[in-house]
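I have placed the structure first, in the form of structure tokens, so that the comments after it can refer back to it.
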Amino acid sequence: MTSPKVLIIGGGLGGLTLAQSLRYHGIDYELFERDEGPQARVQGWAVALQCPSACLWGSQSRTLQVDIYDAYTGESIMASRGIDYSPGTFIRVNRVKYRQYLLIGLDVQWGHRFSHHEVTESGGVKAFFEDGSTAVGDILVGADGLRSRARCAIVRDTMYQPNPPVLNTVPTGIIIGEVTLNREQCERQAKLGRAFHACIGKDVYLFTGLKSYSSDLSEGYFYWLFFFAEAQPTESWINTASKAELLSFVKGKVQGIYPALREIVDLQKVEEMGEPFVLYDRVPEMCPAGPVTLIGDATHPMTPLRGEGANNAMRDSVELGMKLSEAIQLGTSLAEALRAYEAVMIPRATQSVLLSRQIALNLER
Ligand SMILES: Cc1cc2nc3c(=O)[nH]c(=O)nc-3n(C[C@H](O)[C@H](O)[C@H](O)COP(=O)(O)OP(=O)(O)OC[C@H]3O[C@@H](n4cnc5c(N)ncnc54)[C@H](O)[C@@H]3O)c2cc1C
């Protein structure tokens, strides 16, 4: 059997990992990304890769990478809450550098915004892009994130219902800030947690993470996320609030917390506030019979409160690559390989979606 061609829509962490997985198995692919190039858009800050067996750096580290505190007393509550971020459970990576790493050896077709697809008479698939170009393959994988057009096309074709909506709105908002710290300030943050720390208390859920250091280590680039209960998520005030109003809201919430834990917000400049948003998630479902499937946020977006979205996207990619490789070796149906991948992915990702949702719903409100 000749190698089939897989069309991948989206070059985020999921799509790039899938391309690497297919490359490893010697399976032909074409990867289409709407961005004009790898630096075209801000890629976020950092991500924790869960890697129990391979995390040598973590297992040898003697300094604390992560901690979670009571917002008001400043005491660590990680152990009492049963949260396990012990050395060896994860590696924290800068997202831009990690994406560059995943791009090694890959051929990405930049500037291709996917529009829709059609299943061909031979059972293959034809993808259409907004610039009028098309591509033909045996399988199409939607790795195009939260607002996935690939998912919309599948849902519309098979089970379109205006209510309930395809994405679940979680009644939680995030306000974001980015701060450049001098060396002394960096050292104070590192004492709280070298990779990240969070503090939790009534009306407060503040996450602070390291993005990167300057090459001479004189400055550190940090970001913080303030999670809050939002009773009106679909018409949240944050959508129209000014940066000054967003910062003022967070300052008001953290003013009574342990001083070291709010230093990052105290140092925030109004003009460096990020874009706020409310959270969405979705329990993944089987795709209809045929040559199309979804991976990552396209099928199971989840709140970031357990740090599992990208990890699930990458596991999807590895498992899908293995199922396709097995089908090619055995000469069995590729469409059935997609359903076999979904059968493994759905229970795993559903658990992550629901546990991540639960934390958002249980924020100390
Ligand atoms: C604040 C925050 C912190 C997080 N921290 C963590 C963490 O620590 N650990 C963790 O595991 N997860 C974390 N996540 C979740 C993680 O970011 C996502 O789950 C992950 O990025 C999903 O990867 P993806 O490839 O499926 O989608 P995306 O990263 O969204 O990539 C989708 C790609 O598809 C492209 N695309 C979209 N539409 C089209 C189109 N029509 N045509 C062509 N291309 C298209 C986009 O440009 C993009 O490059 C966090 C999320 C947030 C918001």
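Whatever order the structure lists them in is the order used to number ligands and atoms, beginning at 1.
Taking a cut-off of under 4.0 Å to the non-hydrogen atoms of Arg113, the atoms of ligand 1 that pass are 41 (N), 42 (N). Near Gly296, meaning under 4.0 Å from any of its heavy atoms, are these atoms of ligand 1: 26 (O). Taking every non-hydrogen atom of Arg95 and a distance limit under 4.0 Å, the qualifying atoms of ligand 1 come out as 16 (C), 17 (O), 21 (O). Applying the 4.0 Å criterion to heavy atoms of Asp297 picks out, from ligand 1, the atoms 18 (C), 19 (O), 22 (C), 26 (O). Contact atoms of ligand 1 toward Leu225: 1 (C) (distance under 4.0 Å to a heavy atom of the residue). Residue Leu13 approaches ligand 1 through these ligand atoms, each under 4.0 Å from one of its heavy atoms: 25 (O). Each of the following atoms of ligand 1 lies closer than 4.0 Å to a heavy atom of His112: 42 (N), 43 (C).
Atom 51 (C) of ligand 1 has Pro304 CB, 3.8 Å as its closest protein atom, hydrogens excluded (heavy atom only). Of all protein heavy atoms, the one lying nearest to atom 25 (O) of ligand 1 is Gly14 N, 2.8 Å. At the shortest separation from atom 42 (N) of ligand 1 among protein heavy atoms lies Phe114 N, 2.9 Å. Ranking the protein heavy atoms by distance from atom 35 (C) of ligand 1 puts Glu33 OE1, 3.2 Å first. Scanning the protein heavy atoms around atom 53 (C) of ligand 1, the nearest turns out to be Phe277 CZ, 3.8 Å. In this structure, atom 36 (N) of ligand 1 lies nearest to the protein heavy atom Arg34 NE, 3.6 Å. The protein non-hydrogen atom at the shortest distance from atom 27 (O) of ligand 1 is Gly145 CA, 3.7 Å. Nearest protein neighbour of atom 31 (O) of ligand 1, counting heavy atoms only, is Gly12 CA, 3.4 Å.
Closest heavy-atom approach to atom 32 (C) of ligand 1 within the set Gly307, Ala143, Ser115: this belongs to Ala143. Of the candidates Gly309, Ala46, Ala310, Ala46 brings a heavy atom nearest to atom 5 (N) of ligand 1.
Close N/O approach between Val47 and ligand 1 is not found [any backbone or side-chain N/O within under 3.5 Å]. Where the criterion is an N or O separation shorter than 3.5 Å, residue side chain and backbone included, Ala48 meets it with respect to ligand 1. Residue-to-ligand polar distances keep Arg149 apart from ligand 1: every N/O pair is separated by 3.5 Å or more. Ligand 1 has no N or O atom lying under 3.5 Å from any N or O atom of Leu146, backbone or side chain. Any N or O atom pair closer than 3.5 Å counts here, and Trp45 shares no such pair with ligand 1.
Contacts between Gln50 and ligand 1, counted as non-hydrogen atom pairs separated by less than 4.0 Å, are absent for every part of the residue.
Scanning both residues, Arg151 and Leu146, for their nearest heavy atoms gives NH2-O, 2.7 Å.
For Arg188 and Gln185, the side-chain atoms include no donor-acceptor pair closer than 3.5 Å. Asp281 and Thr303 share no donor-acceptor pair across their side chains, judged by distance under 3.5 Å alone. Between the side chains of Asp28 and Ser3, not a single donor N or O lies within less than 3.5 Å of an accepting N or O. Glu219 and Ser214 form no side-chain donor-acceptor contact under 3.5 Å, judged by distance and modelled atom types alone. Residues Gln189 and His197 have side chains that bring a donor and an acceptor to within less than 3.5 angstrom of each other. Using modelled atom types, one finds a donor on one side chain and an acceptor on the other under 3.5 Å when comparing His300 with Asp316.
Here Arg183 contributes atom CZ and Tyr213 contributes atom OH; the two are 9.0 Å apart, rounded to the nearest 0.5 Å. The CD atom of Glu121 sits 11.5 Å away from atom NZ of Lys126, with the distance rounded to the nearest 0.5 Å. Once rounded to the nearest 0.5 Å, the distance linking CD1 of Ile27 with CG of Asp138 reads 11.0 Å. For the atom pair CD of Glu263 and CD1 of Ile257, the computed distance is 11.5 Å after rounding to the nearest 0.5 Å.
When ring centroids are compared, Phe128 and Phe114 stay outside the 6.0 Å threshold. Ring centroids of Phe249 and Trp237 are separated by less than 6.0 Å, placing the two rings close together. Aromatic ring centres of Phe196 and Phe207 lie closer together than 6.0 Å.
Not a single heavy atom of Glu130 sits less than 4.0 Å from an atom of ligand 1.
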